[in-house]
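Take a look at the structure set out below.
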Amino acid sequence: MAKIGDKIKELRLEKGLSQMQLGKLVGASQKAIDYWERSVNEPKSSYIIALVKVFDITFDDFFENVE
């Protein structure tokens, strides 16, 4: 099982996005993306909704194999 941060990083890299680019797309700072990816903290639900849209996946796909 992966952590949510691992999933965000995996999906971001698959899309070829930098942390800064992803942050701009979801309305978060680059530092917030970094914290999510390192599991310092987790994104709020509003950011999860934005992440799912950016990555063009379902919520089920996003949370698949996540702790």
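Bear in mind the structure is a predicted one, so any value in this text is a computation, not a measurement.
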Per the side chain to side chain donor-acceptor pair (under 3.5 Å) rule, what does the pair list look like for residues 1-10, sequence neighbours excluded? none
Answer yes if Ile49 and Leu51 sit in the same cluster of Ile, Leu, Val, Met, Phe, Trp and Tyr residues linked by side chain heavy atoms under 4.5 Å apart, and no otherwise. yes
Separation between CD of Glu67 and CD1 of Ile4, rounded to the nearest 0.5 Å: 11.0 Å
Using the rule that Ile, Leu, Val, Met, Phe, Trp and Tyr join whenever any side-chain heavy atoms are under 4.5 Å apart, tell me whether Val66 and Val52 fall into a single cluster. yes
List the atom pairs, with distances to 0.1 Å, where a side-chain N or O of residues 54-61 and a protein N or O form a donor-acceptor pair under 3.5 Å, not counting sequence neighbours.
from  : atom 1 : to    : atom 2 : distance (Å)
Thr58 : OG1    : Asp60 : N      : 3.4
Thr58 : OG1    : Asp61 : N      : 3.0
Thr58 : OG1    : Asp61 : OD2    : 3.3

Does Tyr35 OH have over 12 foreign heavy atoms under 6.0 Å away? no
Residues which pass side chain to side chain contact (heavy atoms under 4.5 Å, CB included) with Ser29, listed by chain and number, not counting sequence neighbours: Lys31, Ala32
Identify all side-chain donor-acceptor contacts of residues 15-23 below 3.5 Å with residues at least two apart in sequence or on another chain.
from  : atom 1 : to    : atom 2 : distance (Å)
Ser18 : OG     : Met20 : N      : 3.4
Ser18 : OG     : Gln21 : N      : 3.0
Ser18 : OG     : Gln21 : OE1    : 3.4
Gln19 : OE1    : Gln30 : NE2    : 2.5
Gln19 : NE2    : Glu37 : OE1    : 2.9
Gln21 : OE1    : Ser18 : N      : 2.7

Going by ring-ring contact (aromatic ring centres under 6.0 Å, His included), name the residues that satisfy it together with Tyr47, two or more places apart in sequence or in a different chain. Trp36
In this structure, CG of Leu11 is separated from CZ of Phe62 (nearest 0.5 Å) by 7.0 Å
Should Val26 and Ile33 count as side-chain neighbours, where that means a heavy-atom distance under 4.5 Å? yes
Pairwise ring-ring contact (aromatic ring centres under 6.0 Å, His included) hits with a residue in residues 7-28, at least two apart: none
